[in-house]
Amino acid sequence: MIALGCDHGGYELMQEVIAHLGERGLEYKNFGTFSKASCDYPEYAKKVAHAVVSGECEKGILICGTGIGISMAANKVPGIRCALCHDCFSAQATREHNDANVLAMGGRIIGAGHALAVVDLFLDTPFSNDERHIRRIKGIEK
Ligand code: RB5
């Protein structure tokens with residue numbers, strides 16, 4: 001189960017992500033927002049972050065205008081490793097090296113075609129399980 005959250009700045013791109021997940025047959029839980037009306041991104045970041053930390057959802061995807069505010073808010077929740085990625089290399093590397101559990105993107109930054117490639121790499125790339133990466137991830141939480 002993938003937790004989804006966005007603000008008004010990410011709403012349009014999130015509709016593309018939702019359609020893509022549906023085409024892939026992947027289950028998701030949408031925590032909103034559900035319209036283009038102006039709203040506050042921390043609310044949706046926290047909902048998605050808590051769904052991931054609680055184990056209700058394995059991973060999360062967050063989208064605001066830039067991806068910056070919504071990733072900052074998500075990373076305040078202990079256990080969340082939210083990676084702001086606008087390229088495929090970062091999406092793959094953050095799964096392999098950081099075991100990122102939430103992906104953030106900016107709906108005003110990245111086009112849908114590129115964003116969906118980033119989403120696929122984030123969802124499909126396993127964590128390396130390398131000792132050095134496990135040690136560094138533990139260091140984040142200390
Ligand atoms: C909303 O206008 C915008 O500030 C928000 O979507 C995001 O970009 C914040 O980081």
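In listed order, ligands and their atoms are each counted from 1. For clarity, every value in this text was computed on a predicted model and none was experimentally measured.
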- Task: Check whether any protein heavy atom sits under 4.0 Å from atom 10 (O) of ligand 1.
- Result: yes
- Between D87 and F89, is there a donor-acceptor pair closer than 3.5 Å when you use the side chain of the first and the backbone of the second? yes
- Task: Return yes when M72 approaches ligand 1 closer than 4.0 angstrom through a heavy atom, no otherwise.
- Result: no
- Query: Counting from 1, what ligand 1 atoms have a heavy atom of G69 closer than 4.0 Å?
  - Reply: 9 (C), 10 (O)
- re atom 7 (C) of ligand 1, the protein heavy-atom contact at minimum distance is C64 SG, 3.3 Å
- Query: Between atom CG of L13 and atom CG of L116, what is the distance when rounded to the nearest 0.5 Å?
  - Reply: 7.0 Å
- Short N or O distance, G65 and ligand 1, threshold 3.5 Å exclusive: yes
- Just heavy atoms, cut-off under 4.0 Å: does D7 contact ligand 1 by side chain, backbone, both, or neither? side chain
- For ligand 1, find out whether one of its N or O atoms is nearer than 3.5 Å to an N or O atom of I70. no
- Task: Ignoring hydrogens and angles, tell me if any N or O in the side chain of R95 forms a donor-acceptor pair with the backbone of L121 under 3.5 Å.
- Result: no
- Are any side-chain N or O atoms of T94 and backbone N or O atoms of S90, one a donor and one an acceptor, separated by less than 3.5 Å? no
- Message: Please list the nearest protein heavy atom to atom 1 (C) of ligand 1 with its residue and the distance rounded to 0.1 Å.
- Response: H8 NE2, 3.5 Å
- Item | Identity and separation of the nearest protein heavy atom to atom 8 (O) of ligand 1 | T66 N, 2.9 Å
- Message: With a 3.5 Å distance limit and no angle check, can you tell me whether K59 reaches the backbone of L123 through a side-chain donor-acceptor pair?
- Response: yes
- Task: Working to the nearest 0.5 Å, report the span between CD of E96 and CG of N129.
- Result: 11.5 Å
- Query: salt bridge (charged side-chain N to carboxylate O under 4.0 Å, His left out) between K47 and E43: does it pass, once the steps are laid out?
  - Reply: CA-CA 6 Å; K47 284 179 178 169; E43 177 182 342; 3.2 Å; yes
- Query: Of all the non-hydrogen atoms in the protein, which one sits nearest to atom 2 (O) of ligand 1, and at what distance?
  - Reply: R108 NH1, 3.3 Å
